[in-house]
Student: 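So that we are looking at the same thing, I have put the structure below in C-alpha cells.
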Amino acid sequence: MLSYLLSRSFCQVVAEVNRRSYPTIGSVLRDFTTSSPKCGNASDSASVVTYSQLKTMLADHDIQLFDVRNPDEYQAGHIPDAVNIPLGSLEESLKLSPEQFQQKFQVEAPEKDDDDLVFHCQRGNRSVKALDIARQLGFSRARHYKGGYSEWVEREGK
C-alpha cells in the first residue's frame, strides 16, 4: 500500500512539472511516466469499466462517456450517449472552461473529482492514453472501457 501511495505521489509531482512546462526536467519525466505502467494506473483494475458496468451506468444515466476515436469512426457507429472528443484534442478540450466545454460539446464539462468519467475507443489502446492525459490533468477518478466499441458491437449483436 505504501509503495502505491508513493508512486501516486510521484506521478502527481510529475504531472505538475509537466503542466508547468519545465522544458528540461518535464521532458525527461514525461518520457519516464509514459514508460511506467504504474504511473497512470491505467492498467489498474479500478481504472477499467467492464461491459456490464458500462451497461448499468448507461441505463442509470450515471456516466460521462467520451469516445476518443476519430470523427469518421464515431460517425460510422458509436455507443449511445457517447460524446466524441478525438484523442488528439482531448487535453485541450479538458482544459476548456465549463462554459466553453458546454458550448463546444453540448454536454456539461466533467469535474476533476467525478467518478463517472469514462473514456473509450475502438479496442482500448487510445482510451488508456486518454485516461493518462485526464489523470495528468487532475481527473483522478476517471476510468476507461477497455473493450471499446469493438466489444460493444460484439456484445450488442449489431
Student: What ring pair (Phe, Tyr, Trp, His ring centres under 6.0 Å) pairs are there with at least one residue in residues 118-137, not counting sequence neighbours?
Tutor: none
Student: Name all pairs fulfilling the ring pair (Phe, Tyr, Trp, His ring centres under 6.0 Å) condition that reach into residues 123-143, sequence neighbours left out, sorted by first residue then second.
Tutor: none
Student: Which donor-acceptor pairs under 3.5 Å do the side chains of residues 80-91 make with protein atoms, sequence neighbours left out?
Tutor:
| from | atom 1 | to | atom 2 | distance (Å) |
| --- | --- | --- | --- | --- |
| Asn84 | ND2 | Asp67 | O | 3.0 |
| Asn84 | ND2 | Arg69 | O | 2.9 |
| Ser89 | OG | Pro86 | O | 3.2 |
| Glu91 | OE2 | Lys95 | NZ | 3.1 |

Student: Provide the closest heavy-atom pair for Arg135 versus Ser47 in the form atom of the first, atom of the second, distance.
Tutor: NH2-OG, 2.9 Å
Student: So do the side chains of Tyr51 and Glu154 get within less than 4.5 Å of each other, counting heavy atoms only?
Tutor: no
Student: Among residues two or more places apart or on two chains, list those pairs meeting side chain to side chain donor-acceptor pair (under 3.5 Å) that have a residue in residues 100-111.
Tutor: Ser97-Gln100
Student: Minimum heavy-atom separation for Phe66 to Val107, with atom names?
Tutor: CE2-CG2, 4.4 Å
Student: Nearest heavy-atom pair of Met57 and Val118: which atoms, and what distance?
Tutor: CE-CG2, 4.0 Å
Student: Do Leu65 and Leu54 have side-chain heavy atoms sitting under 4.5 Å apart?
Tutor: yes
Student: Output side-chain donor-acceptor pairs under 3.5 Å for residues 123-131, partner residues at least two apart or in another chain, one line each.
Tutor:
| from | atom 1 | to | atom 2 | distance (Å) |
| --- | --- | --- | --- | --- |
| Arg126 | NH1 | Glu73 | OE1 | 2.8 |
| Arg126 | NH2 | Glu73 | OE2 | 3.0 |
| Ser127 | OG | Gly124 | O | 3.2 |
| Ser127 | OG | His144 | ND1 | 2.8 |

Student: For residues Thr56 and Gln53, is any side-chain donor paired with an opposing acceptor at under 3.5 Å?
Tutor: no
Student: Test of understanding: with ring pair (Phe, Tyr, Trp, His ring centres under 6.0 Å), list the residues that count as partners of Tyr74, not counting sequence neighbours.
Tutor: His78
Student: If we only count heavy atoms from C-beta on, is the Ser140 to Asp113 side-chain gap below 4.5 Å?
Tutor: no
Student: Could you give the distance from CG (Asp116) to CD (Gln64), rounded to the nearest 0.5 Å?
Tutor: 4.5 Å
Student: Are the side chains of Leu96 and Phe105 in touch, meaning some heavy atoms are under 4.5 Å apart?
Tutor: yes
Student: Would a distance-only check, ignoring hydrogens and angles, find a side-chain to backbone donor-acceptor pair under 3.5 Å from Arg141 to Asp114?
Tutor: no
Student: Hey, does Gln122 have a side-chain heavy atom less than 4.5 Å from the side chain of Trp152?
Tutor: no
